[in-house]
Amino acid sequence: MIGDTAGDVKGAQDVGIASIAALYGYGENSEVLAQNPTHAAETTQDLCDLLCPDMPEGKGYFVTLEGGDGCGKSTQSKALAERLTQFGYTVRRTREPGGCPIAEEIRKIVLAKEDGGMCAETEALLFAAARAQHLKDVILPAVQNGEIVLCDRFVDSSLVYQGMARGLGLDWVKEINRAAFRDGAPDVTLYLRMDHEAAMARRLAVSQPDRIEQAGDSFHARTEAGFETLYQQEPDRFLAVNAAQAPEAVTEEAFGKLFERMVKGGVL
Ligand code: TYD
């Protein structure tokens, strides 16, 4: 019996079971303690330690969200963060390019509309540089701290946009990213799958496109095909979600698939 009143403890004693006084509740601590509970917990963490002494330390988890421009990643990241927080997880939302001050500076350069002459190699190297800083400053410390990191885009975006759509090749993009950082593979990637034309129409209804979003229909058709290719290559890491549904339905599907994976992976 876990309770914060003397009556709770007495009830446990009457039926012959152990009791834990929850000292963080609304009840008067002196009263509940005067009833001689079997144990007392000052915090919910004390309660966890009493009930599950062998439970492993909270394990962090690195989740990326990927998909074409306009597929709704930011909306879904926000909704998923709310859900996971309700379940008691500590969630860190972040995004690429950016997520920390130095990487946000790189973001301004790489997405600026006036930088139309930027070559594909510079673009890919800037994304990798921003990622190295972001991993070091934000993602790895948060995961180490037991947090669930939800990152809007990551290295798969470089593989698709620079490697496939810009034509630099998957191997070259993998190589520069390997050179930029060692650790940091996502545990799981939510792939918001959607037709690129419908996604772009949705994106343009919200605000002006950035330099990469302005790249034209055939470029975005290649990104759509690129994400499909990565998904076929690593069907276990990618959790595909139908992003063409209403936002609430997308959240339901994404959360269901993510949570199932987290439970299987022992992310408590
Ligand atoms: P952003 O405004 O964050 O768009 P979105 O909400 O669609 O993520 O802009 C990021 C743009 O940068 C987007 O068009 C994809 C592109 N991008 C790359 O080309 N390579 C990368 O490695 C990353 C992280 C993003």
Side-chain angles (χ1 to χ4, degrees), residues 62-80 93-100 102-113 115-116 118-135 138-139 149-170 172-181 184-186 189-227 230 241 243 247 250:
F62 180 24
V63 183
T64 58
L65 291 94
E66 297 279 7
D69 288 281
C71 68
K73 289 179 284 60
S74 326
T75 308
Q76 293 308 322
S77 155
K78 193 160 171 260
L80 290 171
R93 278 184 68 211
T94 188
R95 67 159 181 192
E96 287 209 349
C100 62
I102 294 172
E104 287 290 334
E105 287 301 313
I106 298 175
R107 177 187 175 93
K108 285 185 204 152
I109 300 171
V110 82
L111 297 184
K113 288 191 197 112
D115 289 343
M118 185 182 290
C119 72
E121 286 81 358
T122 303
E123 187 179 283
L125 288 162
L126 286 173
F127 279 120
R131 185 165 299 127
Q133 193 72 39
H134 184 210
L135 262 174
V138 177
I139 299 174
V149 175
L150 294 181
C151 185
D152 191 331
R153 297 199 182 281
F154 196 64
V155 74
D156 295 314
S157 282
S158 284
L159 295 174
V160 166
Y161 282 77
Q162 283 68 51
M164 297 194 245
R166 293 265 194 247
L168 292 174
L170 286 181
W172 190 82
V173 175
K174 278 185 188 164
E175 202 177 306
I176 61 160
N177 278 275
R178 242 195 319 265
F181 52 88
T189 297
L190 282 167
Y191 165 32
L192 300 187
R193 201 177 196 184
M194 188 173 173
D195 168 72
H196 72 278
E197 282 173 339
M200 190 46 85
R202 204 154 80 175
R203 166 67 192 82
L204 295 179
V206 178
S207 63
Q208 291 292 313
D210 62 40
R211 189 176 62 82
I212 291 177
E213 286 161 348
Q214 285 173 337
D217 187 58
S218 65
F219 178 84
H220 293 291
R222 290 199 295 280
T223 65
E224 185 183 345
F227 280 117
L230 293 190
V241 175
V250 180

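Ligands are counted one by one from 1 in listed order, and the atoms in each one are counted from 1 as well.
A donor atom on one side chain and an acceptor atom on the other are found under 3.5 Å apart for Ser158 and Arg131.
Not one N or O of Glu123 is nearer than 3.5 Å to an N or O of ligand 1, by distance alone. The shortest N or O to N or O distance between Arg107 and ligand 1 is under 3.5 Å. Any N or O atom pair closer than 3.5 Å counts here, and Arg131 shares at least one such pair with ligand 1.
Heavy atoms of Asp210 found under 4.0 angstrom from ligand 1 belong exclusively to the side chain. Only the side chain of Leu111 comes within 4.0 Å of ligand 1, counting heavy atoms alone; its backbone N, CA, C and O stay farther away. Looking at Lys73 against ligand 1, only its side chain comes within 4.0 Å, counting heavy atoms.
Scanning the protein heavy atoms around atom 20 (N) of ligand 1, the nearest turns out to be Gln162 OE1, 2.8 Å. For atom 10 (C) of ligand 1, the closest heavy atom belonging to the protein is Pro97 CD, 3.9 Å. Considering only non-hydrogen protein atoms, atom 17 (N) of ligand 1 sits nearest to Phe127 CZ, 3.4 Å. Of all protein heavy atoms, the one lying nearest to atom 14 (O) of ligand 1 is Asp69 OD1, 2.7 Å. Nearest protein neighbour of atom 15 (C) of ligand 1, counting heavy atoms only, is Arg153 NE, 3.4 Å. Nearest protein heavy-atom neighbour of atom 22 (O) of ligand 1: Ser158 OG, 2.5 Å. Given atom 4 (O) of ligand 1, the protein heavy atom at minimum distance is Glu213 OE2, 3.7 Å.
The environment of Lys113 atom NZ is dense: over 12 non-hydrogen atoms of other residues, nucleotides or ligands sit within 6.0 angstrom. The neighbour count for Ile102 CD1, taken as heavy atoms of other residues, nucleotides or ligands under 6.0 Å away, does not exceed 12.
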Q | Audit row: Arg95, Ser77, side chain to side chain contact (heavy atoms under 4.5 Å, CB included) steps and yes/no | A | CA-CA 10 Å; Arg95 67 159 181 192; Ser77 155; over 6 Å; no

Q.
Evaluate Lys174 against Val155 for side chain to side chain contact (heavy atoms under 4.5 Å, CB included), listing each step before the verdict.
A. CA-CA 8 Å; Lys174 278 185 188 164; Val155 74; over 6 Å; no

Q: Kindly determine whether Gln162 and Leu126 satisfy side chain to side chain contact (heavy atoms under 4.5 Å, CB included), including the steps that lead there.
A: CA-CA 11 Å; Gln162 283 68 51; Leu126 286 173; over 6 Å; no

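For Phe127 and Tyr161, the gap between ring centers reaches or exceeds 6.0 Å.
The side-chain heavy atoms of Leu230 and Met164, taken from C-beta on, include a pair separated by under 4.5 Å. At least one side-chain heavy atom of Met118 sits less than 4.5 Å from a side-chain heavy atom of Ile109.
Residue-ligand proximity, Ile212 to ligand 1, at heavy-atom distances under 4.0 Å covers atoms 12 (O), 14 (O), 16 (C), 19 (O). Counting atoms of ligand 1 from 1 in the listed order, those under 4.0 Å from a heavy atom of Ser157 are 20 (N), 21 (C), 22 (O), 23 (C), 24 (C).
Between Arg95 and ligand 1 there is no heavy-atom distance shorter than 4.0 Å.
Salt bridge status for Arg153 with Asp69: present, with a side-chain N to carboxylate O gap under 4.0 Å.
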